[in-house]
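Report on one structure; see the data block that follows.
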Amino acid sequence: MTEPLRIALAGLGTVGAGVIRLLDANGELIARRAGRPIEVVAVSARDRTKDRGVDIARFDWIDDPAELARHPQADVVVELVGGSDGPALALARATLAAGKSLVTANKAMIAHHGLELARAAEAANLALKFEAAVAGGVPVIKGLREGAAANVIGRVYGILNGTCNFILSKMEAEGRDFAEILSEAQALGYAEADPSFDIDGVDAAHKLSILASVAFGAQPAFDDVAITGVRHVIAADIAEAAALGYRIRLLGVADAGPHGLFQRVHPHLVPLSHPLAHVLGSTNAVVAEGNFVGRLLFQGAGAGDGPTASAVVADLIDIARGEFGPPYAMPADALAAQDAADSGERRARAYVRLTVADKVGVLAEIAAAMRDAGVSIESLIQRGAQADGSVLVAIVTHEGPERSVAQALDKLRGSQSLVGEPMWMHILGE
């Protein structure tokens, strides 16, 4: 057995401590699979005195994480600090400049700066690995980059945020509203004190941007992801979806074609016949459609110390074996710069929920707006008046261009009959 692969680890939160525990627990097995031991030699974090449940006294302590890049014994730096810029990006750049490979779980940094870092790694013949940045312990990056490498991927989509999926599936099971379930998720540790990145779809958008790059050989384009979160989903939407044979899930969807790269994070009605409808709790799941392999489903724990540490250490095993390869499955300079696809001409069915005043002529006004925009209504359901006197109207459209639905809603937004913003959700095809 050859010399150990020596690691400098930045960030000793849940995942960082999990990496140390995993290497301690499975060190012998990992060494046999990697062909050599993997050892932590140095660590850095904000608080040296904090009890993390692991012994860090055996490692060199470095106050400034950027200095880990220059640690004389380290072969690889593992970045678990987080954040798209700041200390994380400074460390990543310094690591590659110092001739060391980099492993990260930082989805925001990869979504914003992955192309720059990939070019630097390839130029220096170093590894840049980020399996843990998408779907925690689910090996979807490796599956797309290696297992499906011979396929043209037509579409990649899935449930990319466990917090949102926990909230939606609990609303579904218990019939309670969003705010109440969010508070419970925060108490249980599934949601942050400030949950905006999760519930507004930004976290899922970071992951989708990375998946799209790997799947389609496209340059990362996070700024082109259309993002809508789940903050405005109500219990009535869940109930209406169930009555129609659907479940509501926050999906990230991407495809690439002659009209550009399409990327969107948005609540969807998912048919009960589709496997994503049965993904519950904080689980993540990703579907990729290859032209020869068909539909692939990757599913598992999307966060947490064990699953995410597992993905980090799997990347370290690859590096120990000398398995580098381009981070995005092809050289960074071969990644295509694609324009953002216009979603207006995409054809789909839609669910629209309107809260309206309980007065004569409202339904006729809605129907006229839909008609004038060229939207064909498949079904329209009006529910009884609520405590404030408003009425819920749920509409399912026939398949048609999305631009038409947008035009109809723009027209209705100026109506005195509407109470609050409309809710528009896409319906996922079989």
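Predicted, not measured: the structure shown is a model, and the values here were computed from it.
Side-chain N or O atoms of E131 include one that pairs as donor or acceptor with a backbone N or O of I141 at under 3.5 Å. Here the side chain of Q338 pairs no donor or acceptor atom with the backbone of Q219 at under 3.5 angstrom.
Contact annotation: the side chain of F298 never approaches that of N284 to less than 4.5 Å [non-hydrogen atoms, C-beta and beyond]. L102 is not listed as a side-chain neighbour of K129, based on a closest heavy-atom distance of 4.5 Å or more. At a threshold of 4.5 Å between non-hydrogen side-chain atoms, the residues I317 and I30 count as touching. No side-chain heavy atom of L269 sits under 4.5 Å from any side-chain heavy atom of L428. Put simply, the side chain of E67 does not reach to within 4.5 Å of the side chain of H71, judged on heavy atoms. The closest side-chain heavy-atom distance from V352 to M423 is not below 4.5 Å.
Across every non-hydrogen atom of R295 and V287, the tightest pair is CG-CG1, 3.6 Å. Contact detail for A218 and L261: the closest heavy-atom pair is CB-CD2, 4.1 Å. The minimum heavy-atom distance linking A311 with G136 is given by the pair CB-O, 3.3 Å.
Taking the charged nitrogens against the carboxylate oxygens, D75 and K100 have no contact shorter than 4.0 Å, which rules out a salt bridge. A salt bridge links R349 with E378; the closest basic N to acidic carboxylate O contact falls under 4.0 Å. Using a 4.0 Å cut-off between charged nitrogen and carboxylate oxygen, K142 and D318 count as a salt-bridge pair. Between E421 and R413 a salt bridge is recorded (basic side-chain N to carboxylate O distance below 4.0 Å).
Note: Y328 and F216 fail the aromatic proximity criterion, with ring centroids not under 6.0 Å apart. Aromatic rings from Y351 and H266 are positioned such that their centres are separated by 6.0 Å or more.
The cationic group of R231 does not satisfy the cation-pi geometry with F178, failing either the under 6.0 Å distance to the six-membered ring centre or the 45° limit from the ring axis.
Judged purely by distance below 3.5 Å, without hydrogens or angles, the side chains of D85 and H113 pair a donor atom with an acceptor atom.
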(request) Please lay out, stage by stage, how I319 and L5 fare under the test side chain to side chain contact (heavy atoms under 4.5 Å, CB included). (result) CA-CA 8 Å; I319 294 171; L5 183 74; 4.2 Å; yes
